[in-house]
Amino acid sequence: MKYLIIGTAGHVDHGKSALIKALTGTETDRLKEEKERGISIDLGFALLPLAEDIMAGIVDVPGHERFLKNMLAGTGGMDLVMLVIAADEGVMPQTREHLAMLSLYGVKRGVIVINKIDKVDAEWLELVEAEVKELLAGTFLETAPSCRVSAFSGEGVEELKDVLLAQARLAGVRDSKAPFRLWIDRVFSIKGHGAVVTGSLLSGEATVGDLLRLDPVGAQVRVRGVEWHGKKVERVVAGQRAAINIVGVESEALARGMVLSAEHVGEVGAVWDVRLEWREEVDSGSRIRLHIGTGEYIGRLYRFKDRPAEVGRLVLEEEVAAAPGDRGIIRQYSPQYLLAGVTMLRPGARRTPPKESRVRLGEALTGKDEKEFLSALLADADEPLNKTEVLSLAGYRAPKPLLDALAALLEAEEITSLESGYVRAAWLNEKEEKLKAALEVFHAEEPERSGISKEALRQRLHLAEKTFECLVRRFVAAGWLKALGGDLALTEHAERHARWERELIAKAQEILEKIGLEDVQEDWLQKQLNIPEERRKVVWATLVRQGVLIRMGGIHVYSKTIQNIVTVIQEHFQRHATLSVSELRDLINTSRKYAMPILEYLDMNKYTKREGDTRTCGAKLKDLSE
Ligand code: GDP
């Protein structure tokens, strides 16, 4: 069975409800009565079996403001629209506005219904039809079939059904395999059952027991029961309108405009980058209403000088759950008129303009090319995305063609995997080049430093931590990058630097061998090594870091000298239990200036152990002696 949703549009009182009644026998305009009874679930909705294998549901939306709210609620899911025009009045302002909204919303297929033909003569009818033809020129309904009908007398209604059937056969089948998503249009609380929500299943399916996510709340809910057209069923599928009994959230927490979706579909944010299709341009910062799904949100629309006119940003007063590619419209806050159609891209940052990559993403989202979409999505993400993330960001797109495109791009090596995620090969090359260039600059600026700290490099490249770590692991494995503790260096530099250090140390040792226990001075060593003034500090720091010079108290002593002292003390403890300051002075033939810092150093390193004024053999020395 193919299920599809037919919507109606047209000026108020042109006979939309009457037409639905004529087509289906269902009185849909019974809001007041149903409100009084409190629990009716199929409000404004009538079933129209078009053929044995095609079942249409017609959403009726009487009244203009209600039309806007309800139509928009159904429009994302409208497979076919009936644009109703009363023959006696002809094209009216709302006819025009609805037509504009339908096309901005991306509705693709429709039927023109000239209603109330019982009220006019043939000549008048032709005039109206000419007017309609003019209206539709250049729109998605330009070539749509047109029917002359009287909902009142029933004339033309059977022919209209035939036309609807032909169009229904042409309309694509809604994808039950794509992720489930339903924009909630109404919420009930039914005694003993809890919360019941209604809406049109735009894609996917729901079965009793399924776990779904409620956004923007972010709660997990379970499907306890499903109803389709007033009957309990096991399962509802895309193209049907359903009532779903959910548990896991209080009905007070539910509201129209929220989204029930399969796990991992879409994102939530109050700031969204959008692609705009202008009908009437407004200045940046204008107050607007966004209609998306079944919700209406108030906020501001921002535009950016150095971005194309079709890219903008919505800053809304509350969070909206949407997926890239979702269509909506924006109207001026007051007075309310249509400004533009929007395609949601991805949540944006408040301060900076939308990234350049959003322009391409916007174009890809309105197209059907899965490869281009994936490529644009990855380019925009600027980080590896794993399969789950790709599917989540794909929103309504069916998973199979998307995953096929992913496999094809991997095969063609346009996309490559980076640990558990995917990136564009070009992106990876670009990061590699940038990382190399940044390191080259750093090494040239500070040749004596073995490497740059990881964090400093990450910040220079403006990369997210997780992404940066992934890249580092990848490039270290590739061999050209070297991790030295918390620092990073080009392997080539690291080797050159290690060589330089070895040579420096050897040369310094040669010089220091010639002196005994002395406080080594920086400028003295500089002269001995014959190095220019500007390199003095680096060389000194390297020798201290490498342990050639040992700093104790305020003095610096050559490490071998200390080793010799340790040996002398070791021998001393073989014959004596204790060591006093004067004994040490005699042993190493030095003054108090050196003896005190040396003792402190020996204590600290557990060669000696301080007991009052004397020292005993320290733990480390004992270990050495064994
Ligand atoms: P809606 O606001 O577009 O849903 O319009 P309704 O279905 O409520 O119809 C508005 C008015 O037009 C009602 O009084 C209907 O009885 C009347 N009407 C609807 N269709 C026809 C028709 O084909 N012929 C005539 N003469 N009146 C009609």
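Residue numbers count from 1 along this sequence. Start at 1 and go down the list; that is how both ligands and their atoms are numbered.
Of the possible polar contacts, one joining the Trp278 side chain to the Ala309 backbone as a donor-acceptor pair under 3.5 Å is found. Remark: the backbone N or O of Asp185 is paired with a side-chain donor or acceptor of Arg256 at under 3.5 angstrom.
Of the options Ala22, Ala87, Ala18, the smallest heavy-atom separation from atom 19 (C) of ligand 1 is shown by Ala18.
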Q: Evaluate the criterion side-chain contact (heavy atoms from CB on, under 4.5 Å) for residue pair Val311 and Phe304; output intermediate values, then yes/no.
A: CA-CA 8 Å; Val311 171; Phe304 301 87; 5.8 Å; no

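Annotation: Phe140, atom CZ; neighbour count of heavy atoms from other residues, nucleotides and ligands within 6.0 Å is above 12. Dense packing is recorded around NZ of Lys2, with more than 12 heavy atoms of other residues, nucleotides or ligands lying under 6.0 Å away.
Both the sub-6.0 Å distance and the 45° axial angle are satisfied by Arg397 relative to the ring of Phe373.
Both the backbone and the side chain of Lys16 come within 4.0 Å of ligand 1, judged by heavy-atom distances. Contacts with ligand 1 closer than 4.0 Å are made by heavy atoms of both the backbone and the side chain of Asp13.
Interface of His14 with ligand 1, defined as ligand atoms under 4.0 Å from a residue heavy atom, comprises 3 (O), 5 (O). Close approach of ligand 1 to Lys119 is summarised as follows: ligand atoms under 4.0 Å from at least one heavy atom of the residue are 26 (N). Distances below 4.0 Å separate heavy atoms of Ser17 from the following atoms of ligand 1: 4 (O), 7 (O). Near Asp118, with a cut-off below 4.0 Å to any heavy atom, the atoms of ligand 1 are 22 (C), 23 (O), 24 (N), 25 (C), 26 (N).
One side chain, Arg360 or Ser375, offers a donor N or O that lies under 3.5 Å from an acceptor on the other.
On a distance-only criterion, Val12 and ligand 1 share no N/O pair closer than 3.5 Å. Polar contact with ligand 1: absent for Ile117 (N/O pair, distance under 3.5 Å). On a distance-only criterion, Phe152 and ligand 1 share at least one N/O pair closer than 3.5 Å.
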